[in-house]
Amino acid sequence: MEKKEKFYITTAIAYTSKKPHIGNTYEIILTDAIARFKRQQGYDVFFLTGTDEHGEKIEQLANEAKIPPKQYVDSVAKEIRDIWDLMNTSYDKFIRTTDDYHEETVQKIFKKLYDQGDIYKGYYEGLYCTPCESFFTETQLVDGKCPDCGREVKQAKEEAYFFKMSKYQDRLLKYIEDNPGFIQPESRKKEMINNFIKPGLQDLCVSRTSFKWGIPVDFDPKHVVYVWIDALTNYITALGYKCDSKDDLYKKYWPADVHVIGKDIIRFHTIYWPIMLMALGEELPKTVYGHGWYLFGEDKMSKSKGNVIYADYLVKKFGVDAVRYYCLAEMSFAQDGSITYDAIINKYNSDLANVLGNLVNRTVSMIHKYFDGKIYLPTDEKDVDKELKSSIAIIADNVESNMNKLYVADALNEVMNIARKCNKYIDETEPWVLGKEEVTKERLKTVLYNLVESIRILSILLEPFMPETATKIQKQINANELAYETVKTFGKTQEGKVGEAVPLFARLDDKKVLEEIHNEISVEKKLATVEDEKVNVITIDEFEKVQLKVGQVLSVEKVEKADKLLKLEVDLGTEKRVIVSGIAKWYNESNLLNKKIVVVTNLKPVKLRGIESNGMLLAAGEEDVKLLTIDGDLPAGTNIH
RNA sequence: CGCGGGGUAGAGCAGUUGGCAGCUCGUCGGGCUCAUAACCCGAAGGUCACAAGUUCAAGUCUUGUUCCCGCAACCA
C-alpha cells in the first residue's frame, strides 16, 4: 500500500471495580484482531484502550476494603492491563481516567460546555424529608408524608448540572440517517432512534454531589463530573485533545474510525457521545460497533452463579492463541456467543490440532522425509494445483471483505478453510505414492512446494487473529516473504530448507482435561465464597433490624403494562397488605394462592407502577426464582427470627 | 395494541438483488498411511415455526397466527 491512511480504533474503557472475565476480555481481543489486520494492510493504526476508574461503586468498594480509592483502582487497573498483555494485544496506548492530563481536560471541557450554555445548573426537584435526608417523588409519598418516617415533607431542590441534549437531537438524527454505517449492527440503530431520539431526549444529569470519587467541577467543587463526560471523553483526551489546543496526535487520528463497545453501552456511544462532540465542535466517530456478550452456555456469567470464566485461567489451560481463536471464531456478528470448557476443548481439537496443526506438521514432516527438508521450486502445474491456487485467492479476498465489514468470525473461518483445502489437496495428490519411485519424485517436489506456499499465505492471513501461532508456522516452513500483499501472488516461496516439525497444538484428552478443570474450579469457588462471607459479616443486632413474618397469599393480580410485576394481597395476621413483587415470570395465581411465604414487613413502602407496595417477599435464585415458603403449618403473622 | 431482531438437519450457524437448501461439529459407513487415533470421501438426518397470498418459480416478497430474544418500562 503506497499511501498510508490513518485508522483510529478504540475499545470501551474497562471499569476498575473487579477483575474482568472472559466476556470483558473478548472486547480487547476482537479490537486487537481488527487493529492488527488494518496494520497489516498498511494503515497507520492507533489502537486505544484503558480503564474507567471513578464513581460511587468504586468509592464503596475501596471503603469496604479500607483503602483509599486510588490505591484500589491502581491494583485493579494493573490486573486489567496484565490480562490485556497476557492476551498479546497490541494497543498503542492505555489511558486511565485518573491520569492527570485526562482529569485536567475533562474539567476544561465541562467548563467550556457550561460557558457556552450547553450545560446549565439545575435542580433535582422533589419533596424532601429533612430527618431522612432523602428526596421522594409525589408517587412515593404515603398520605402526602414521608414514606420512611411518616413526617411532613417539604418542597426542596438539590443542585445538579444538566446537559441540554434536546438542542442537538435533530442534528444527531440526521447524522445517523445520513451515515448508515454509523451504528453497527444495524438492528441497534432502530432501537436507539425509536426508544430515545424520536420520543425526545431528556437533558442528561452530568454531575453528582452524592459521592466524592470523581473529577471535581473546578468552578463548583462540591460537584464531581459524572461518568458520561468523564469516561467518554477518554477517546479524545488520549490523543491530546486539550479543549483550547490540540496535539498533533489528535489532529492526525481523530475522528475515530471504530469504537468497539459492548451492546449494553451502545446508547451512550451513539447518542450522548456524538452530542458532546457536536457541542465541542468536533467531528463524530465513523462507526460504533456494539458486539455481543459471551454467555456461559446459555446463562449470563455471574459470580453468584459461580460460572465466571477468566481469561488468565483459560490461557493457563489452553494457551493464548487457543483462547484468542475461540473468542474470535465463536462469536458471530450481532449475536451473543456461548463459551463452555467443553466447547473450547472441542474446537481446540477439531480446528487447531486436527486441521491446522496437523497440516503444518504432516507437510513439514514429508519434506524432511522425502527431501531432507529441502524445498524445490515447482516444475509443472496440474489441474489440482490450479484449483488449489484459485481457491486460496478467493479465500484471501473473502478474508479481506469480511474483516472490512467487521465480520471477524467469518474472516477467521475463511482462514481455516485454507488448511481444510490443503488437507484435501494432500489426499488428492497422494504424496506418499509419489515418494515411492524416483520418476514421480519430481512431481512430489511441486506438490510439497504448493503446500508450503499455501501454508505461508495462511500464516500471513492468520497473523491478526493468532500472532504467535503465525510466527511459529513461519519459522517451521522458514518463510521469508511475509508482507500482506504477497498473499495475492502465489509463488513467493523460494528454494530453501524447512525447520523442524514441531506440533503446534497437542491434542487434548477431553475427559481428562474437563475433570481437571472441574476439580480446580470447585476449589476456587469454595475459596471465593468463604472470602465473600468473611467480608460481609454483620452482627445479630444488625440482622434484627429486619422484621420477618409469615404471610399468606390472599389474592394475586398481574400488574398492567409491566411484565415482571404481580400485585399480591397478603394476610399478616393482624393486617392485610398489598405487596408488589417482580416474580410474574415464575408465579401466577394458580401456584401462589394461599401459599405461606416469608415477608419483610418493615421495609419502606414504594410505589411500583402506580401501586403502593408495603413489604417484600423473600425468594432465591436468579434465572429460576423460587419463593421461600414455610415448612409445616404456622398461622399468618407469626414472627420469624 | 411501546420499539426492534429472530425461528433453516441432533447442536451451532450461512443463505446477498426470488432460480436445484448449504457450512462447521456430532452420528454411521468407506478410503488412506505423510501426519497429532490425525486426514480424505460417502451416507443418514429438513413440512426452511404455522397458515394464507403474489409469482412460471418463495427459506427469500405481502398479510395473519404463534413462540424466542434484545431495547424501553419495570423488577428492592
Side-chain angles (χ1 to χ4, degrees), chain A residues 185-199 263-264 266-267 290 292-293 295 297-298 329-338 340 342-343 345-370 401-402 405 407 409-410 412-414 416-417 419-436 444 447-448 451 501-509 559-566 579-586 600 603-611 613 615-619 622 625:
Chain A
E186 188 136 5
S187 58
R188 299 283 166 187
K189 182 164 122 186
K190 288 175 186 154
E191 243 170 56
M192 293 305 126
I193 293 175
N194 291 329
N195 283 330
F196 301 103
I197 304 177
K198 288 246 169 94
K263 61 180 186 178
D264 53 330
I266 290 176
R267 177 173 149 195
W293 288 118
L295 307 177
E298 313 234 304
E330 204 53 29
M331 179 84 74
S332 43
F333 188 76
Q335 282 176 39
D336 284 339
S338 158
T340 61
D342 198 45
I345 294 168
N346 192 27
K347 208 158 177 63
Y348 178 103
N349 279 338
S350 63
D351 292 1
L352 298 181
N354 296 354
V355 173
L356 176 63
N358 185 44
L359 168 70
V360 175
N361 195 237
R362 67 198 298 209
T363 302
V364 175
S365 299
M366 281 193 278
I367 294 172
H368 279 291
K369 179 164 181 165
Y370 298 121
S401 67
N402 278 318
K405 285 186 284 186
Y407 290 8
D410 297 302
L412 179 49
N413 190 44
E414 285 288 339
M416 295 304 289
N417 280 339
R420 294 192 177 99
K421 185 72 211 170
C422 287
N423 278 323
K424 188 173 178 147
Y425 177 79
I426 292 177
D427 209 72
E428 286 164 346
T429 53
E430 299 181 304
W432 52 91
V433 175
L434 299 175
K436 277 180 189 153
L444 181 57
V447 167
L448 291 176
L451 282 170
V502 184
L504 294 167
F505 300 95
R507 224 187 124 75
L508 301 172
D509 179 335
V559 175
E560 261 181 60
K561 282 197 161 191
D563 31 276
K564 290 188 182 172
L565 297 183
L566 286 184
I579 296 176
V580 179
S581 181
I583 52 169
K585 201 172 157 189
W586 304 278
V600 182
L603 197 70
K604 171 171 112 184
V606 277
K607 275 210 174 174
L608 298 175
R609 214 65 236 183
I611 302 163
S613 176
M616 183 173 84
L617 314 182
L618 293 190
E622 289 191 40
V625 170

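The chains referred to below are lettered A, B, ... by the order of the sequence lines, with proteins before strands, and numbering in each begins at 1. Any value given below was found using the heavy atoms of this structure, including those in side chains, with hydrogens, waters and symmetry copies removed.
- The backbone N or O of A:W293 sits less than 3.5 Å from a side-chain atom of A:D336, completing a donor-acceptor pair.
- If you check B:C48 for Watson-Crick or wobble pairing at under 3.5 angstrom, you find it has no partner at all.
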Using atom names, set out every protein N or O paired with an N or O of nucleotides 31-36 of chain B below 3.5 Å, distance rounded to 0.1 Å.
from  : atom 1 : to     : atom 2 : distance (Å)
B:C34 : O2     : A:R362 : NE     : 3.1
B:C34 : N3     : A:R362 : NE     : 3.4
B:C34 : N3     : A:R362 : NH2    : 2.6
B:C34 : N4     : A:R362 : NH2    : 3.0
B:A35 : O3'    : A:N361 : OD1    : 3.1
B:A35 : O2'    : A:N358 : OD1    : 2.5
B:A35 : O2'    : A:N361 : OD1    : 3.2
B:A35 : N1     : A:R362 : NH2    : 3.4
B:A35 : N3     : A:N358 : ND2    : 3.3
B:A35 : N3     : A:R362 : NE     : 3.1
B:U36 : O2     : A:F505 : O      : 3.4
B:U36 : O2     : A:R507 : N      : 3.2
B:U36 : N3     : A:F505 : O      : 2.7
B:U36 : O4     : A:G357 : O      : 3.3
B:U36 : O4     : A:L504 : N      : 3.3

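- Separating the C1' atom of B:U55 from that of B:A11 is a span of 36 Å, rounded to the nearest Å.
- As rounded to the nearest Å, B:C23 and B:C48 have C1' atoms that lie 16 Å from one another.
- The CG atom of A:N361 sits 7.5 Å away from the CG atom of A:L504 when rounded to the nearest 0.5 Å.
- A close approach under 4.0 Å does not occur between any side-chain nitrogen or oxygen of A:K263 and OP1 or OP2 of B:G70.
- The nearest whole Å value for the distance from the CG atom in A:L508 to the P atom in B:A38 is 12 Å.
- Nucleotide B:C39 has B:G31 as its partner under the Watson-Crick or G-U criteria, with both atom distances under 3.5 Å.
- The nearest whole Å value for the distance from the CD atom in A:E191 to the C1' atom in B:G5 is 8 Å.
- Nearer to the 5' terminus of RNA chain B, by closest-nucleotide assignment, is the contact made by A:N346 (compared with the other of A:N346 and A:V355).
- Look at B:C71: its Watson-Crick or wobble partner, with both distances under 3.5 angstrom, is B:G2.
- Across the C1' atoms, B:G19 and B:A9 are found 23 Å apart, a figure rounded to whole Å.
- The gap from the P atom of B:C40 to that of B:G4 amounts to 46 Å, rounded to the nearest Å.
- B:G22 and B:G59 have their P atoms separated by 13 Å, with the value rounded to a whole Å.
- Phosphate contact (OP1/OP2 of B:C41, side-chain N/O of A:K424, threshold under 4.0 Å): present.
- Pair assignment for B:C20: none, as no Watson-Crick or G-U wobble contacts are both less than 3.5 Å.
- Rounded to whole angstrom, the span from the CG atom of A:L451 across to the P atom of B:C39 amounts to 16 Å.
- From A:N349, atom CG reaches atom CG of A:N354 across 6.0 Å, with rounding to the nearest 0.5 Å.
- One finds the SG atom of A:C422 at 11.0 Å from the CG atom of A:N417 (value rounded to the nearest 0.5 Å).
- Between A:M331 atom CE and A:L412 atom CG the span is 13.5 Å, to the nearest 0.5 Å.
- The CD atom of A:E414 sits 8.0 Å away from the OG atom of A:S401 when rounded to the nearest 0.5 Å.
- Across the protein-nucleic acid pair, A:K347 atom NZ and B:G26 atom P stand 11 Å apart, rounded to whole Å.
- Between B:C67 and B:C61, the distance separating the two C1' atoms is 23 Å to the nearest Å.
- A side-chain donor-acceptor contact under 3.5 Å links A:N423 and A:R362.
- Atom CZ of A:R188 and atom P of B:C3 are 18 Å apart (whole Å).
- If you take CZ of A:F196 and C1' of B:A73, they are 10 Å apart, rounded to a whole angstrom.
- A:K198 places its NZ atom 21 Å from the P atom of B:C71, with the value rounded to the nearest Å.
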Practice task
Start with the C-alpha gap between A:I426 and A:L359, add the side-chain angles, then the distance that decides, and say whether side-chain contact (heavy atoms from CB on, under 4.5 Å) holds.
Solution key: CA-CA 9 Å; A:I426 292 177; A:L359 168 70; 3.9 Å; yes
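- Contact of the A:V447 side chain with the A:E430 side chain is not registered, since no non-hydrogen atoms from C-beta on lie closer than 4.5 Å.
- Side-chain atoms of A:N402 do not come within 3.5 Å of backbone N or O of A:Y407 as any donor-acceptor pair.
- Side-chain to base pairing of A:N195 with B:C71: one donor and one acceptor N or O lie within less than 3.5 Å of each other.
- Look at the C1' atom in both B:G46 and B:U8: the space between them is 8 Å, to the nearest Å.
- Separating the P atom of B:U60 from that of B:U54 is a span of 15 Å, rounded to the nearest Å.
- Closest approach of A:K405 and A:F333 over heavy atoms only: O-CE1, 4.1 Å.
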Could you write out each protein N or O paired with an N or O of nucleotides 10-14 of chain B at a distance under 3.5 Å?
from  : atom 1 : to     : atom 2 : distance (Å)
B:C13 : OP1    : A:Q335 : OE1    : 3.4

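- Heavy-atom nearest nucleotides on RNA chain B were determined for A:M616 and for A:E428, and the one closer to the 5' end corresponds to A:E428.
- When the C1' atom of B:C40 is taken as reference, atom NZ of A:K421 falls 12 Å away, rounded to whole Å.
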